[in-house]
Amino acid sequence: MAMLLSGEEEFAALDMNKVIRMCLIHDLGESFTGDIPAFLKSRDDTGTEIDIYREWVKRFPERQKQEWLDLLSEMEALETKEAKTYKALDKLEALIAHNESDLATWLPLEYDLQYTYGQENMAFSPFFTELRKAVDEWTADKIGDKQ
């Protein structure tokens, strides 16, 4: 998904290589612990992912170790447009994957969560705000009167 954004004017000045690396680091953390559903994931789970990641990275050569730790710090701070973009993509991917799943697999709490999850992470961007509206419309079409 990050690669697709490189063609969008809003993201032309971003370091998309950095965004892609952030996305990979995020998914790597989940490979250590498993991908825990958002509504079950706690701060402790996130902390465990980060702790395991840092321990793993400690074994790297110094230059790579520092680069990977710096990327993680930037991701956690969510202050740069690259970090905000990675986080918005992470949330958006979850929404899309959820909409792709069979409605029979949804728990009751997921109907409302599908409309609220990650909204604050997409608000910084006109592109993500519009894309989020389209995903919300897709959600509404999917669930119809089944809620």
Where the side chain of [X] meets the backbone of [Y], is there a donor-acceptor pair that is under 3.5 Å apart?
| X | Y | answer |
| --- | --- | --- |
| W138 | I96 | no |
| E30 | H26 | no |
| D45 | S42 | yes |
| K142 | N99 | yes |

Looking at [Y] and [X], is there a salt bridge between them, counting it only when a charged N and a carboxylate O are closer than 4.0 Å?
| X | Y | result |
| --- | --- | --- |
| K81 | E10 | yes |
| E79 | K84 | no |
| K41 | E49 | yes |

pair [X]-[Y]: side-chain heavy atoms closer than 4.5 Å:
| X | Y | result |
| --- | --- | --- |
| E67 | R21 | yes |
| L5 | L89 | yes |
| L24 | I20 | yes |
| S31 | L28 | yes |
| L72 | I50 | yes |
| I143 | W106 | yes |

For residues [X] and [Y], report the shortest heavy-atom separation together with the two atoms involved.
| X | Y | result |
| --- | --- | --- |
| Y117 | A38 | CE1-CB, 3.2 Å |
| R132 | T116 | NH2-N, 3.5 Å |
| F124 | A88 | CE2-CB, 4.0 Å |
| L71 | K18 | CD2-CG, 3.6 Å |
| V19 | A2 | CG1-CB, 3.9 Å |
| L69 | R54 | CD2-CG, 4.0 Å |

W56 and F60 aromatic ring geometry - parallel, tilted or perpendicular at 30°/60° bounds:
perpendicular
Please state whether the rings of W68 and Y53 are parallel, tilted or perpendicular, taking 30° and 60° as the class boundaries.
parallel
For Y111 and L103, what are the C-alpha separation, side-chain angles and deciding distance, and is it a side-chain contact (heavy atoms from CB on, under 4.5 Å)?
CA-CA 10 Å; Y111 287 84; L103 198 56; 3.8 Å; yes
Just how far is it from atom [atom1] of [X] to atom [atom2] of [Y], taken to the nearest 0.5 Å?
| X | Y | atom1 | atom2 | answer |
| --- | --- | --- | --- | --- |
| L14 | E82 | CG | CD | 4.0 Å |
| S125 | M122 | OG | CE | 9.5 Å |
| Q119 | T129 | CD | OG1 | 9.5 Å |
| E8 | F128 | CD | CZ | 9.5 Å |
| D15 | T80 | CG | OG1 | 9.5 Å |
| K87 | M75 | NZ | CE | 7.5 Å |

Before giving the answer on side-chain contact (heavy atoms from CB on, under 4.5 Å), spell out for H98 and E110 the whole-Å C-alpha distance, their side-chain angles and the decisive distance to 0.1 Å.
CA-CA 9 Å; H98 200 246; E110 292 176 294; 2.9 Å; yes
Hey, is CE on M1 packed in by over 12 heavy atoms from elsewhere, all under 6.0 Å?
yes
I'd like to know if L95 and L40 are part of one continuous hydrophobic network [Ile/Leu/Val/Met/Phe/Trp/Tyr, side-chain heavy atoms within less than 4.5 Å].
yes
In terms of hydrophobic clusters joined by side-chain contacts under 4.5 Å, are L107 and I36 together?
yes
